[in-house]
Amino acid sequence: MKPKKQNPDFLYLGKKLLNWYRINARNLPWRSTRNPYKIWISEIILQQTQVKQGLQHYLNFVQRFPNVETLANADTDEVLLYWKGLGYYSRALNLHKAAQQIITDFEGEFPQKYEEILKLKGVGKYTAAAIASICYHERKPAIDGNFYRVLSRLFADDYDISQAGAFQYFSELALQMMPYEACGDFNQAIMDLGAEVCKPKQPLCQLCPLAADCMAWQTGAMAQFPVKTKKVKATDLALQYYFVHFENRFLIRQRADDFIWKKLYEFPDAIPEDWLQFRQSSIVLKHKLTHKNLEITIDTIALPSEALLETLVKQYSYIIVDTEASHQKSFPKPLEAFIQQWEQRKNEG
DNA sequence: AATACGGGGAC
DNA sequence: GTCCCAGTATT
């Protein structure tokens, strides 16, 4: 059931949560600033990514790209290098584009209203609300997985969060609770509560400031919320690569931006047939992505001369790198691991 | 409305 | 193995 007008009891819940946050807020680097650029970077990094995983990437990223201008002027490859290992690489590409968008469309000044922030590449309703509320005190609930979980449990609400209307539904619910001041803190309070107390599994209800008000807690039904019916299944995908090297130099190429591992580097998938005589070894790697089970075959080709390496560069527009230069490129996780092992074996003899 | 898009962590 | 994470873009 959807609350139709402002409910004072709901507002009281919001204040209670805010008071809890004043004491229990996590000490995170992006909490000590209202610089919209840094808040933006943190929000993009933390999309579908836990704080523990994204924290070091955030620190490295804002140190190398401290403001919109440095990011806008950077090479895409370097932006991707700082994103290496984070996943969902379109986030990095969109971040780069959006920085240039701010230069060209917003005169270099970070947009200050929800509707304007929403125009940035890679910024959706959640992120725009987070930035607008934290940096500019706009009263917009930042509806994410934490909101769905906390609110559905608090009201024992079985609205299916995988339905299209869930965002709007929980936005209206959140607006009932959201204080008229400190909107950004309220959004962050829900995030902290969801991350540290109202966790997906084994929530710590005895620590929760809203336990006395929580309808799920009253019946011990925390595990039943939120309701999510959508199911995802992984599909199989086979990839075939040739690791072609002469001594410590090898061939790579850059992927397209319309499939997995957008704009990351990989090995060749085609070589002249007569090079197969130089095959040293062949290995199969199993690698699981969220929606794909990968089977990666890598044939190692040890060329007898440097000249042969050069011929393929012209023929296929591959790139030659040595081990040191390869560290300046962003590779998918399994290929990164392969290169590391190869390096290690080479150094051992 | 449905699907694609990574990698890590908890259980 | 399963599920989730400070979601967005595309179709």
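In what follows, chains are A, B, ... by sequence order, proteins preceding strands, each numbered from 1. Side chains included, hydrogens not; waters and symmetry mates left out as well; all remaining heavy atoms used.
One interatomic measurement links the two molecules: CD1 of Ile45(A) to P of dC5(C), which rounds to 19 Å at whole-angstrom precision. The distance from atom NZ of Lys84(A) to atom C1' of dG8(B) is 17 Å, rounded to the nearest whole Å. Atom CG of Leu95(A) is separated from atom P of dA6(C) by 19 Å (rounded to the nearest Å). In this structure, Ile161(A) places its CD1 atom 12 Å from P of dA6(C), rounding to the nearest Å. Regarding Glu43(A), its CD atom lies at a distance of 11 Å from the P atom of dA6(C), rounded to whole Å. Atoms CD1 (Ile296(A)) and P (dG7(B)) sit 9 Å apart, rounded to a whole Å. Regarding Tyr89(A), its OH atom lies at a distance of 13 Å from the P atom of dC5(B), rounded to whole Å. For the pair Lys233(A) NZ and dT2(C) P, the computed distance is 13 Å after rounding to whole Å.
Contact of the Pro200(A) side chain with the Arg149(A) side chain is registered, since non-hydrogen atoms from C-beta on lie closer than 4.5 Å.
Residue Arg31(A) is classed as a base contact, given a heavy-atom separation below 4.0 Å to a base. When heavy atoms are screened at a 4.0 angstrom cut-off, Trp30(A) is found touching base atoms of the nucleic acid. The residue Ala130(A) sits apart from the nucleic acid: no heavy atom pair falls under 4.0 Å. Among the atoms of the strands shown, none is found under 4.0 Å from any heavy atom of Phe147(A).
Within the cation-pi definition used here (under 6.0 Å to the ring centroid, within 45° of the axis), Lys263(A) does not qualify as a partner of Tyr89(A).
With distances taken from any side-chain atom of Lys288(A) to the nucleotides dG6(B), dG9(B), dG1(C), the minimum falls on dG1(C).
Partner of Asp213(A) under the salt bridge (charged side-chain N to carboxylate O under 4.0 Å, His left out) criterion, out of Lys15(A), Arg153(A), Lys16(A): Lys16(A) alone.
Within 3.5 Å, a donor on the side chain of Gln53(A) pairs with an acceptor on the base of dG7(B), or the reverse.
With P as the reference atom, dG6(B) and dT11(C) are 16 Å apart, rounded to whole Å. Using C1' as the reference atom, dG7(B) and dT10(C) are 22 Å apart when rounded to the nearest Å. Only the P atoms considered, dA6(C) is 24 Å distant from dA4(B), to the nearest whole Å.
The ring of Tyr136(A) has its center no closer than 6.0 angstrom to the ring center of Tyr114(A). Between Tyr82(A) and Tyr58(A), the gap from one ring centroid to the other reaches at least 6.0 Å.
Under 4.0 Å is where a charged nitrogen must lie from a carboxylate oxygen, and between Lys346(A) and Glu247(A) no such pair does. Classification of Asp185(A) and Arg22(A) as a salt-bridged pair holds, one side-chain N sitting under 4.0 Å from a carboxylate O. A salt bridge links Asp269(A) with Arg253(A); the closest basic N to acidic carboxylate O contact falls under 4.0 Å.
Here Lys262(A) does not reach the OP1 or OP2 of dG6(B): none of its side-chain N or O atoms lies under 4.0 Å away. Residue Arg149(A) places no side-chain N or O under 4.0 Å from the OP1 or OP2 atom of dC4(C). Of the side-chain N and O atoms in Lys201(A), none sit less than 4.0 angstrom from OP1 or OP2 of dT2(C). Between dG7(B) and His287(A), a contact under 4.0 Å exists linking OP1 or OP2 to a side-chain N or O. Checking the phosphate oxygens (OP1, OP2) of dG7(B), a side-chain nitrogen or oxygen of Trp261(A) falls inside 4.0 Å. Using a 4.0 Å cut-off, some side-chain N or O of Gln202(A) falls inside it from OP1 or OP2 of dC11(B).
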Identify each atom pair where a protein N or O and an N or O of nucleotides 7-11 of chain C are less than 3.5 Å apart, giving names and distance.
unit_1	atom_1	unit_2	atom_2	d
dG7(C)	OP1	Gly145(A)	N	3.4
dG7(C)	OP2	Gln48(A)	N	2.7
dG7(C)	OP2	Gln48(A)	NE2	3.1
dT8(C)	OP1	Gly124(A)	N	2.7
dT8(C)	OP1	Gly124(A)	O	3.3
dT8(C)	OP1	Thr127(A)	N	3.1
dT8(C)	OP1	Thr127(A)	OG1	2.8
dT8(C)	OP2	Tyr126(A)	N	3.3
dA9(C)	OP1	Gly122(A)	N	2.6

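Two residues, Leu289(A) and Ser162(A), neighbour DNA chain B, and the one matched to the more 5' nucleotide by heavy-atom proximity is Ser162(A).
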Tell me, with the steps shown, if Phe243(A) and Phe250(A) meet ring-ring contact (aromatic ring centres under 6.0 Å, His included). CA-CA 7 Å; Phe243(A) 182 72; Phe250(A) 57 96; 5.0 Å; yes

